[in-house]
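Report on the following structure.
Residue numbers start at 1 and run along the sequence shown.
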Amino acid sequence: RPDSETLIEAAITHFGDGGPKNVLDLGTGSGALLLAALSQWPDATGLGLDASQAALAVATANAQRLGLDGRAAFMHGDWGAELDTSFDLILCNPPYVETSAKLASEIVDYEPASALFAGPDGLEAYRQLMPQVVRLMAPAAIVALEIGADQADAVAKLAFDNGLAAHCFQDLGGRNRCLILSRLEGQKS
């Protein structure tokens with residue numbers, strides 16, 4: 001999706017050609033973000049994590065189709081709780097829509113509700129994610145996190161409360177779409 005491309009563009013702005021050595025994609029779905037990152041940085045390896053076995057099957061097939069299966073691995077999991085390694089780049093497009101929101105049929109008819117809705121305020125996934133990403137970040141790592149257009153301040157506050165600074169990037173439509181999270185000065189890994 002064009003909205004999610006903002007995460008990769010923001011990561012490219014941060015890393016440049018040097019790139020991360022290892023990439024984690026939380027809630028990988030089809031694997032699109034992870035595979036785009038691996039295409040951008042040919043020396044990187046990556047892990048895509050998802051709670052859906054069906055999504056993992058699609059992601060694995062996509063990696064094979066693109067010839068990236070030697071550098072991409074996929075695993076069943078819950079926002080990284082089962083991991084004990086650190087990553088240079090963490091990508092995540094979590095569900096962020098309020099439960100009561102009315103979405104277009106072309107969205108709700110093709111996406112599982114668990115990939116869209118995140119509680120009454122749309123922030124439940126971010127609350128679960130923040131402690132995990134802090135724990136999984138290598139010392140100089142960043143997190144590229146997709147957000148809803150009106151969620152930048154609320155998610156930045158959750159990040160700050162977990163020792164992270166947030167810098168907002170806009171999508172091609174000029175809407176706030178991605179937060180790049182890094183450790184606050186003086187925060188230890």
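- A side-chain N or O of Gln128 and one of Trp79 form a donor-acceptor pair less than 3.5 Å apart.
- Side-chain contact between Cys92 and Asp25 is absent, with no heavy atoms from C-beta onward closer than 4.5 Å.
- At least one donor-acceptor pair under 3.5 Å links the side chain of Glu82 to the backbone N or O of Asp78.
- Inter-residue side-chain proximity for Leu89 and His14 is flagged as unmet; no heavy-atom pair is nearer than 4.5 Å.
- Side-chain contact check for Val134 versus Arg183: some heavy-atom pair is nearer than 4.5 Å.
- Remark: Lys157 engages Asp161 in a salt bridge (charged side-chain N to carboxylate O under 4.0 Å, His left out) (not counting sequence neighbours).
- Under a 3.5 Å cut-off, the side chain of Asn176 and the backbone N or O of Ala152 do not form any donor-acceptor pair.
- Using a 4.5 Å heavy-atom cutoff, the side chains of Ile12 and Gln40 are in contact.
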Ile8 and Leu91: CA distance, side-chain angles, deciding distance, side chain to side chain contact (heavy atoms under 4.5 Å, CB included) verdict
CA-CA 8 Å; Ile8 298 298; Leu91 302 165; 4.1 Å; yes

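- Contact check for Asn62 versus Leu35: side-chain heavy atoms found under the 4.5 Å cut-off.
- A side chain to side chain contact (heavy atoms under 4.5 Å, CB included) with Pro94 is found for one member of Leu26, Leu145, Val155, Leu123 and no other, namely Leu145.
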Listed pairs under 3.5 Å, donor-acceptor, residues 44-51 side chains, sequence neighbours left out:
unit_1	atom_1	unit_2	atom_2	d
Asp50	OD1	Ser52	N	2.8
Asp50	OD2	Thr28	N	3.3
Asp50	OD2	Gly29	N	2.7

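- A pairwise comparison of heavy atoms in Gly31 and Phe74 identifies CA-CE2, 4.3 Å as the closest pair.
- The closest donor-acceptor contact from the side chain of Arg177 to the backbone of Ile147 lies under 3.5 Å.
- Within the 4.5 Å cutoff, the side chain of Ser86 has no heavy atoms near those of the Leu136 side chain.
- Using a 4.5 Å heavy-atom threshold, the side chains of Leu24 and Val133 count as separate.
- Side-chain atoms of Leu179 and Gln151, non-hydrogen and from C-beta on, never get closer than 4.5 Å to each other.
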